[in-house]
Trainee: 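My questions will all concern the structure given below.
As the structure is a computational prediction, the values presented were derived from the model and not from experiment. Numbers restart at 1 for each chain; the letters A, B, ... are given by sequence-line order, proteins then strands.
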Amino acid sequence: MTSYTPSNIEAHWQAVWEKEEIFRATRSAEKPKYYVLEMFPYPSGRIHMGHVRNYTMGDVIARFKMSTGHSVLHPMGWDAFGMPAENAAMAIGGHPKTWTYDNIADMRSQMKPLGLSIDWSREFATCDPEYYGQQQALFLDMLDAGLVYRKNAQVNWDPVDMTVLANEQVIDGKGWRSGADVEKRELTQWFFKISDMAGELKQALDGLENWPAKVRLMQDNWIGESRGLEMDFALTTPKHNFEALTIYTTRPDTLAGAGFMAIAPDHPLSKALETENAPLAAFNADARRMDTTEAAMEKAEKKGFDTGITVKHPLYPDQTLPIWVANFVLMDYGTGAIFGCPAHDQRDLDFARKYNLPVIDTFLAMDDDTPVAKIAFVPAKTEMVRWINHPTGIEIATGQDAINQTIDWAEAKGLGHGQTQYRLRDWGLSRQRYWGCPIPVVHCKTCGVVPEKKENLPIKLPDDVSFDIPGNPLDRHPTWRNTPCPSCGKASKRETDTMDTFVDSSWYFARFTAPGAKTPTNMEDAAYWMNVDQYIGGIEHAILHLLYSRFFARAMHITGHLPKSAVEPFDALFTQGMVTHEIYQTRDAKGRPVYHLPEDVSEGKLKNGTKVDVIPSAKMSKSKKNVVDPLGIIASYGADTARWFVLSDSPPERDVEWTASGAEAAYKHLSRVYRLATDVKTVSSADENAGADLDLARARALCIDGVTRDIESFGFNAAIAKLYAFTAAIAKSKAGKAIKRESVKTLAQLMSPMTPHISEEIWSILGGEGLITLAPWPTAEASLLKADTVILPIQINGKRRGELQVSADLNKEEVEKLALAHDAVIKVLQGGTPKKVIVVPGRIVNVVI
RNA sequence: GCGGGCGUGAUGGAAUGGUAGACAUACCAGACUUAAAAUCUGGAGGCCGUAUGGCCGUGUGGGUUCGAGUCCCACCGCCCGCACCA
């Protein structure tokens, strides 16, 4: 008997699959299509267990769909632009391009041993000129359609690295690499007009039924929505060409309680005043600096600066309200100007008390006349309150009703107009970076900003660049910038900004439908393969990547690159949990923690006998050394074991803890199944003639039924539990070998989405026809799913007191009779009659006394 | 602060409102072995009891129901997201 040797088996079957090209996706007239996609990886150079789990889940779905008669598209690519490549170039020399393509080659060679059912012929990297050239074409079409524009925007500027930093790269007000104090700078940047679609992107969330409710909610909150009033307050005396201050408020009903006006430090009026008012300039500079420090922001003191300018009160023309610059008013929400209503907003109240501004109650509780003192009165908008001198004449109403009526009233009086405001801001895509997709426009002294001609695409990144000094190499490249203006032909300069890498990942799923097309997509292929039927990835992309992709799909429809049906590109989304591991720690002489790799620890001790502290599981990370290398696992146990384990122990949406004993158990199970298969490989003629075995047939039917339903509902861990049970049932069965052999073949089929190599091997040993991967999924015989007899628990007043074995189709009356004749029931009834008997056929009997 | 999710044996977890703890790990016992490993068989929520069995048990407290881990309310704890949004 040969034993289970995954290394031989896995290499063999991977070669067969590759030779037969069985994973090549082809459009089929007969079969329904199925597009399964896992979020493509960043080519860091090394796969980790998280990748293994993510791709295994997708692979289970892809292989299952293949077996159930679908034409499957399961592609893979690389999210290959981005900072790490440039950082590597700066740190260790070399070129980002070389670093990236070397990493891709490494990672591809690490992924192939997993035996994933990927159509590698469609592979691409976002840094391939063929890909980013089409992205540039898409950009030009979007520019043409008015979906892209330029504006001045404040950015985080690192003066040492001479680059713009994302908010996440600013830590305690300092650049994450350089440690330099980050400055706010105003730069002209490119933006996608995603805010134009805010309402649509929000509403369409309702239709995404097969997305996790959590992700929909996160997007909903991110987009935000509030209805309010935009209105002008006339300046008492016009100043710097400002005649009025336009404010936005969601509480127009409290207009009568206005105590002051507040504008953002970056409000145009504030900026105009700043030029002739040094203390204000200092205040603003201070406020802008504070803006970047997250920690300070949370508890930042509300501070203001009185400009000395006033507006006329729209309700009481003889009264004026002072305009303050306030550090808590944000320029990029609403109009950057508000009126403060201290009585009904805690923040405004704190501000008013600090600067001795009036506090005017506009409504009181139904049963309390106490005016506001230290705590602002902010009841729920659905609560009835009594209004004081309300401009619309309202006396008793809820806040919500008052808001709506005030908006109507203000519109009728021409004071302002109702306005729906979204929190979502336009997507700034400019990056002062080399390793990204060049923005295909030219700056011409005569013609201004001119789009590049499509026939000149791709605008390729130059290879001859250096990273030894900070800043964007494109900016200082001697020749690359020089180009004739596409419009007038005069010598001009290229845009040197590149695109945010989120752009690259916002349409790759569409490109996979026709990766070689000479346009961004091929409409026929897109129409056939889109949408992605099942998208799988991490929850960390719940907002940005998924929101941007939804925006891009719409933009691609508008520009003629996707059909209308594909504006929501992902029909179903699944967010998988992480792979975690215990952390092993000791301390050095100075008491600092020292971490140890799992392979160096056994039974809580290092090899030299030192005891380690075990810290509860956390996401695998290099810094904590709680990592298990997939390559090591594959080398010692095989890919099937790794695949089986990452699916087995926890529900896919939750974190799974990697344990050595769990991996061992997975390997043992596969070895056992392999042994079972070799045991029933050869059968005698007596075996062939042995009769059917009903118990085993039942176990088989139940397993088929259960595993099928579990895979369809992402219950991989539950499917695996059923496969363990079926394996035990076969092992213990006294049925003839021929019968058992058929059961083992079914077992191999049901396991094949999870452990394709060993399943293929067993199929071949046991004389299965063709490849198991292409074999049709087994079906459960309905008649076998129902047992002849069932054991019904008997409850008395809801507590289990006995059981009854009855034939499964026995009617209620008979069951009731038998139940009442049961010893336990007779004992408690003592000759009396029960109040009620509940019989749930096939389930339970409950006798109420 | 706002929003959401989750609390089940030693551990990961299972359970269309119907026998709580499937399956797996760790553990214990037995078989095989000179021994160990591997393999196989069996045990196991807690308490009481030799046992048939009984009582308790899904974070805490209430409620709905013939029946609640599951539905509702309040609280406690943990996790996640957002947060000066006018």
Side-chain angles (χ1 to χ4, degrees), chain A residues 3 212-222 224-226 228-229 247-252 254 261-262 264 290-291 294 297-302 326-330 332-341 344-348 350-351 421-425 539-540 542-543 580 616-617 645 648-651 653-666 668-669 671-672 675 706 709 715 717-728 731-732 791-803 834-849:
Chain A
S3 60
K214 182 183 183 173
V215 173
R216 280 161 35 196
L217 187 76
M218 280 163 74
Q219 291 215 358
D220 198 69
N221 290 339
W222 186 262
E225 187 182 69
S226 61
L229 180 73
I247 63 95
Y248 175 73
T249 178
T250 56
R251 291 308 299 261
T254 63
M261 310 302 290
M290 184 202 72
D291 219 0
E294 265 179 60
M297 244 170 72
E298 290 200 16
K299 285 178 186 162
E301 195 188 346
K302 312 284 177 272
N327 64 354
F328 61 85
V329 179
L330 306 176
D332 41 17
Y333 189 80
T335 60
I338 61 165
F339 73 77
C341 179
H344 306 294
D345 182 304
Q346 191 59 46
R347 194 185 46 198
D348 292 347
D350 294 344
F351 193 83
Q421 186 76 42
Y422 295 95
R423 188 182 161 279
L424 182 69
R425 294 168 204 167
I539 187 77
E540 66 272 22
I543 296 175
T580 64
S617 261
F645 180 74
S648 66
D649 253 22
S650 291
E653 67 276 15
R654 257 192 252 179
D655 292 351
V656 64
E657 181 176 353
W658 184 278
T659 59
S661 56
E664 186 74 26
K668 281 183 191 172
H669 171 72
S671 302
R672 191 179 190 212
R675 243 186 348 260
R709 279 188 286 118
N717 58 325
I720 281 179
K722 292 182 177 81
L723 289 165
Y724 272 117
F726 185 38
T727 305
K732 280 180 197 160
I791 292 172
L792 287 186
I794 297 180
Q795 293 183 334
I796 292 166
N797 288 346
K799 282 195 191 286
R800 190 174 179 279
R801 281 293 182 271
E803 58 187 34
K835 272 192 202 151
K836 200 171 177 183
V837 180
I838 290 131
V839 179
V840 183
R843 281 288 187 184
I844 206 161
V845 182
N846 190 11
V847 181
V848 187
I849 56 165

Trainee: Of all the nucleotides listed (B/rG81, B/rC85, B/rC66), which has the minimum atom distance to the side chain of A/Arg347?
Mentor: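 Selected nucleotide: B/rC85.
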
Trainee: Nearest-Å distance, NE2 (A/His669) to P (B/rA38)?
Mentor: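 Going from NE2 in A/His669 over to P in B/rA38 covers 18 Å.
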
Trainee: If you assign each of A/Gly336 and A/Lys799 to its closest nucleotide in RNA chain B, which residue comes earlier from the 5' end?
Mentor: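 Result of the comparison: A/Lys799.
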
Trainee: Check every strand shown and say whether A/Arg709 touches a base, only sugar-phosphate, or nothing at a heavy-atom separation below 4.0 Å.
Mentor: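 The answer is nothing, as A/Arg709 stays clear of every strand by at least 4.0 Å.
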
Trainee: If you measure from the C1' atom in B/rC82 to the same atom in B/rC66, how many Å do you get, rounded?
Mentor: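 Approximately 45 Å lies between the C1' atom of B/rC82 and that of B/rC66.
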
Trainee: Looking only at side-chain atoms of A/Arg675, point me to the closest of B/rG81, B/rC40, B/rA86.
Mentor: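 In terms of side-chain proximity for A/Arg675, the closest of B/rG81, B/rC40, B/rA86 is B/rC40.
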
Trainee: Mind checking the P distance from B/rG42 to B/rG81? Whole angstroms is fine.
Mentor: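 Between the two P atoms, the distance is 46 Å.
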
Trainee: Nearest-Å distance, CD1 (A/Ile543) to C1' (B/rC80)?
Mentor: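 Result: 11 Å.
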
Trainee: Measuring from A/Ile844:CD1 to A/Ile794:CD1, what's the distance to the nearest 0.5 Å?
Mentor: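 Answer rounded to 0.5 Å: 10.0 Å.
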
Trainee: For the CZ atom of A/Arg672 and the OG1 atom of A/Thr727, what is their distance to the nearest 0.5 Å?
Mentor: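 A/Arg672 atom CZ to A/Thr727 atom OG1 measures 7.0 Å (nearest 0.5 Å).
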
Trainee: Using the criterion of both pairing distances under 3.5 Å for Watson-Crick and G-U wobble pairs, give all stems of 3 or more consecutive pairs involving RNA chain B.
Mentor: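 In RNA chain B, stems of three or more pairs: B:1-7 with B:76-82, B:10-12 with B:23-25, B:27-31 with B:39-43, B:45-48 with B:53-56, B:59-63 with B:71-75.
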
Trainee: What's the closest nucleotide to the side chain of A/Leu217 if the choices are B/rG3, B/rG81, B/rG42?
Mentor: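 Of all the options, the side chain of A/Leu217 is nearest to B/rG3.
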
Trainee: What's the CD1-C1' distance between A/Ile247 and B/rC85, to the nearest Å?
Mentor: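 So the CD1-C1' distance, A/Ile247 to B/rC85, works out to 14 Å.
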
Trainee: Under 4.5 Å between any side-chain heavy atoms of A/Arg251 and A/Asp345, yes or no?
Mentor: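 With C-beta onward as the side chain, the pair stays apart.
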
Trainee: Name the nucleic acid region contacted by A/Val329, choosing base, sugar-phosphate or nothing; use a 4.0 angstrom heavy-atom cut-off, strictly under.
Mentor: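 The residue A/Val329 makes base contact.
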
Trainee: Could you tell me the separation between the CG atom of A/Asp350 and the C1' atom of B/rA86, rounded to a whole number of Å?
Mentor: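 One finds 15 Å between C1' of B/rA86 and CG of A/Asp350, rounded.
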
Trainee: Whole Å only: how far is the CZ atom of A/Phe645 from the P atom of B/rC23?
Mentor: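 Interatomic distance, CZ of A/Phe645 to P of B/rC23: 18 Å.
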
Trainee: Both A/Glu664 and A/Lys836 contact RNA chain B. Which one's nearest nucleotide lies toward the 5' end?
Mentor: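 This one resolves to A/Glu664.
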
Trainee: Sticking with atom C1', work out how far B/rC23 lies from B/rA15, rounded to a whole angstrom.
Mentor: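 About 12 Å, rounded to a whole number of Å.
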
Trainee: Within the structure provided, determine whether A/Glu657 and A/Thr580 are in side-chain contact (heavy-atom separation under 4.5 Å).
Mentor: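 Side chain of A/Glu657 against side chain of A/Thr580, heavy atoms only: contact under 4.5 Å found.
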
Trainee: Do A/Asp348 and A/Phe328 have side-chain heavy atoms sitting under 4.5 Å apart?
Mentor: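 Side chain of A/Asp348 against side chain of A/Phe328, heavy atoms only: contact under 4.5 Å found.
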
Trainee: Is there a side-chain contact between A/Phe645 and A/Thr659, using heavy atoms and a 4.5 Å cut-off?
Mentor: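 Sidechains of A/Thr659 and A/Phe645: in contact.
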
Trainee: Looking only at side-chain atoms of A/Tyr724, point me to the closest of B/rC23, B/rC66, B/rU41.
Mentor: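 That would be B/rC23.
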
Trainee: So what does A/Thr659 hit on the nucleic acid, given a heavy-atom distance under 4.0 Å: a base, only sugar-phosphate, or nothing?
Mentor: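 It contacts nothing in the nucleic acid.
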
Trainee: Give me the distance, rounded to whole Å, that separates B/rC27 from B/rG63 when you measure between the C1' atoms they each carry.
Mentor: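 My reading of the C1' atoms in B/rC27 and B/rG63 gives 41 Å.
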
Trainee: Once you round to the nearest 0.5 Å, how far does CD1 of A/Ile720 lie from NE2 of A/His669?
Mentor: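 Atom-to-atom, A/Ile720:CD1 and A/His669:NE2 are 8.0 Å apart.
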
Trainee: Could you tell me whether the side chain of A/Pro834 reaches within less than 4.5 Å of the side chain of A/Val848, counting heavy atoms only?
Mentor: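 SC-SC contact between A/Val848 and A/Pro834 ruled out.
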
Trainee: Which value, rounded to the nearest 0.5 Å, describes the distance between A/Tyr333 atom OH and A/Arg423 atom CZ?
Mentor: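 If we round to the nearest 0.5 Å, A/Tyr333:OH and A/Arg423:CZ are 9.0 Å apart.
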
Trainee: As a test of reading the structure: which of B/rC82, B/rU25, B/rA86 is closest to the side chain of A/Trp222, going by heavy atoms?
Mentor: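 Nearest to the side chain of A/Trp222 among the choices is B/rC82.
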
Trainee: Give the rounded distance in Å between these two atoms: CH2 of A/Trp658 and P of B/rA24.
Mentor: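 It works out to 18 Å between those atoms.
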
Trainee: For atom P, what is the distance between B/rC80 and B/rA26, given to the nearest Å?
Mentor: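 Approximately 30 Å lies between the P atom of B/rC80 and that of B/rA26.
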
Trainee: Quick one: label A/Lys668 by what it contacts on the DNA or RNA (base, sugar-phosphate, nothing), any heavy atom closer than 4.0 Å.
Mentor: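 Sugar-phosphate, no base atom in range.
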
Trainee: What is the distance, to the nearest angstrom, from the CG atom on A/Asn797 to the P atom on B/rA68?
Mentor: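 A/Asn797 atom CG is separated from B/rA68 atom P by 11 Å.
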
Trainee: Closest approach to the side chain of A/Arg423, judged atom by atom: which nucleotide of B/rA86, B/rU25, B/rA83 is it?
Mentor: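 Of all the options, the side chain of A/Arg423 is nearest to B/rA83.
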
Trainee: B/rC84 base to A/Lys302 side chain: any donor-acceptor pair below 3.5 Å?
Mentor: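 Indeed there is one.
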
Trainee: Tell me, do A/Arg216 and A/Gln219 make a side-chain contact under 4.5 Å, heavy atoms counted?
Mentor: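 A/Arg216 vs A/Gln219: side chains apart.
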
Trainee: Rounded to the nearest Å, what distance is computed from the CD atom of residue A/Glu540 to the P atom of nucleotide B/rG81?
Mentor: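 Those two atoms, CD and P, are 10 Å apart.
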
Trainee: In whole angstrom, give me the gap between the C1' atoms of B/rA38 and B/rA44.
Mentor: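 B/rA38 and B/rA44 have their C1' atoms separated by 24 Å.
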
Trainee: Pick one for B/rG63: is it syn, with its angle within 90° of 0, or anti?
Mentor: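 Glycosidic conformation of B/rG63: anti.
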
Trainee: Summarise protein proximity over nucleotides 5-19 of chain B in one line of letters, 5' to 3': B for base, S for sugar-phosphate only, - for none, counting protein heavy atoms closer than 4.0 Å.
Mentor: -------SSS-B-BB

Trainee: Just how far is it from atom CZ of A/Phe339 to atom CE of A/Met261, taken to the nearest 0.5 Å?
Mentor: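 Result: 7.5 Å between the selected atoms.
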
Trainee: When rounded to the nearest 0.5 angstrom, what is the spacing between NZ in A/Lys214 and CD in A/Glu653?
Mentor: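 Answer rounded to 0.5 Å: 10.5 Å.
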
Trainee: Taking the P atom of each, how far is B/rG9 from B/rG45, in whole Å?
Mentor: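 After rounding to an integer number of Å, I get 13 Å for this pair.
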
